[in-house]
Every structure is written in structure tokens, then in C-alpha cells.
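Down below is the structure, laid out as C-alpha cells.
The first residue in the sequence is number 1, and the count goes up from there. As the structure is a prediction and not an experimental result, all values here were calculated from the model.
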Amino acid sequence: QVQLVESGGGLVQPGGSLRLSCTVSGFSLNSIGIAWFRQAPGGEREEIACSGSTDRTTWLKDSVLGRFTTSRDSAGNTVYLQMTNLKTEDATTYYCARDQMDCIVTTSPMPHRFDKWGQGTQVTVFS
């Protein structure tokens with residue numbers, strides 16, 4: 001059974017750090033990307049990072065570049081989103097999703113590209 005399970009969300013003050021984890025099961029991460037999204041209630045879903053099977057396809061959105069990083073563990077079943085210098089505007093629910101295109105950036109629509117999702121983890125940034 002294919003599953004993605006996020007963890008690591010929580011409460012933090014501005015300038016603080018959190019590390020989100022996305023642990024996968026039922027499939028291999030070889031040639032598979034894991035994308036990180038965030039979405040506030042009533043807001044649009046925003047893709048902020050993608051951990052590709054190689055460094056060449058891994059990327060981060062400009063709004064989080066320099067503050068967030070994404071990596072994979074050596075066992076090959078967990079992907080991390082390390083978040084530092086958190087801002088109040090980073091507070092929302094974060095999701096990981098399986099990317100069948102291994103984080104390739106394209107303007108062409110790819111239905112079902114993100115075919116499996118985790119349940120989400122809440123990040124709260126308060127002063």
C-alpha cells in the first residue's frame with residue numbers, strides 16, 4: 001500500500017526552525033520526486049520545493065530559497081524539509097506528494113503527476 005506520512009510540524013516563534021519529514025512506504029524513491037506543498041484554508045496550493053532522485057532535479061521556490069532545504073535520508077524512505085528563519089507568512093499546513101515526473105520543471109500540464117499525498121502537518125509561527 002502506497003503511503004506518505006508527514007510529521008514534524010508544530011509551534012515556533014519567528015526566526016525559529018522546524019524539520020518536516022515525509023516517510024514513504026509501498027514504493028521506492030528511485031526516479032521518484034517528492035514535492036512539498038503548502039496551503040492555507042481557503043487559499044491556493046503552493047508548491048515550494050521538490051526533492052528529486054538526484055540533486056540536478058531538486059529545487060526550491062524563491063520565496064523559501066536560503067531558508068528551507070530538502071534532503072533524503074540514506075535509508076531511502078524519508079524526505080525532509082528543513083525550515084529555518086521561519087516567518088509568520090510560513091504558517092500553514094504543509095503536504096508532501098509523490099511526483100511521478102521526478103521534479104522535472106515543465107509548463108505542460110501533467111494530469112495525475114502528483115498522484116499520492118500525505119495527510120498534512122500544521123506549522124504555526126507566532127510572536
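- Looking at V24 and V5, their side chains never come closer than 4.5 Å, going by heavy atoms from C-beta outward.
- A 4.5 Å side-chain heavy-atom check between I48 and L60 finds every atom pair outside the cut-off.
- Residue C103 comes nearest to G33 through the heavy atom pair SG-CA, 3.8 Å, listed as atom of the first residue, atom of the second, then distance.
- One finds the SG atom of C22 at 11.0 Å from the CZ atom of R98 (value rounded to the nearest 0.5 Å).
- No single ILVMFWY cluster, assembled from side-chain heavy atoms under 4.5 Å apart, contains both L11 and F68.
- With hydrogens and angles ignored, the 3.5 Å screen pairs a side-chain donor or acceptor of E6 with a backbone N or O of G120.
- Linking Ile, Leu, Val, Met, Phe, Trp and Tyr whenever their side-chain heavy atoms come within less than 4.5 Å leaves Y95 and I34 in two separate clusters.
- Q122 and T93 share a side-chain donor-acceptor pair at under 3.5 Å.
- The distance from atom CG of L4 to atom SG of C96, rounded to the nearest 0.5 Å, is 4.5 Å.
- Under the 30°/60° scheme for interplanar angles, the aromatic rings of W117 and F37 are found to be tilted.
- You'll find the side chain of N77 stays beyond 4.5 Å of the side chain of F27, heavy atoms only.
- The line from CZ of F114 to CG of D99 is 4.5 Å long, rounded to the nearest 0.5 Å.
- For the atom pair OH of Y80 and CH2 of W36, the computed distance is 10.0 Å after rounding to the nearest 0.5 Å.
- When only modelled atom types and interatomic distance are considered, T78 and T23 share a side-chain donor-acceptor pair under 3.5 Å.
- Using a 4.5 Å cut-off on side-chain heavy atoms (C-beta onward), R19 and L81 make no contact.
- Of the possible polar contacts, one joining the D90 side chain to the K87 backbone as a donor-acceptor pair under 3.5 Å is found.
- A donor-acceptor pair shorter than 3.5 Å can be found between the side chains of D102 and S53.
- Here CZ of R56 is found 5.0 Å from OG1 of T54. Values are rounded to the nearest 0.5 Å.
- Taking every heavy atom of both residues into account, R72 and S51 meet most closely at NH2-O, 2.6 Å.
- A donor-acceptor pair is defined here as one N or O able to donate and one able to accept, closer than 3.5 Å; such a pair exists between the side chain of T84 and the backbone of R67.
- L65 and V105 end up in different hydrophobic clusters when Ile, Leu, Val, Met, Phe, Trp and Tyr side chains are linked at under 4.5 Å.
- In this structure, Y94 is not a member of the same hydrophobic cluster as W59, with clusters built from ILVMFWY side-chain heavy atoms closer than 4.5 Å.
- One hydrophobic cluster holds both L18 and V125 under the rule that ILVMFWY side chains link at heavy-atom gaps under 4.5 Å.
- Of the inter-residue distances, the one linking M83 atom CE with T70 atom OG1 reads 11.0 Å to the nearest 0.5 angstrom.
- Between V64 and E46 the shortest side-chain heavy-atom distance does not fall below 4.5 Å.
- Between G26 and V2 the shortest heavy-atom distance is O-CG2, 3.9 Å.
- Side-chain contact between V123 and T92 is absent, with no heavy atoms from C-beta onward closer than 4.5 Å.
- Salt-bridge check for R38 with E47: failed, with every basic side-chain N at 4.0 Å or more from each acidic carboxylate O.
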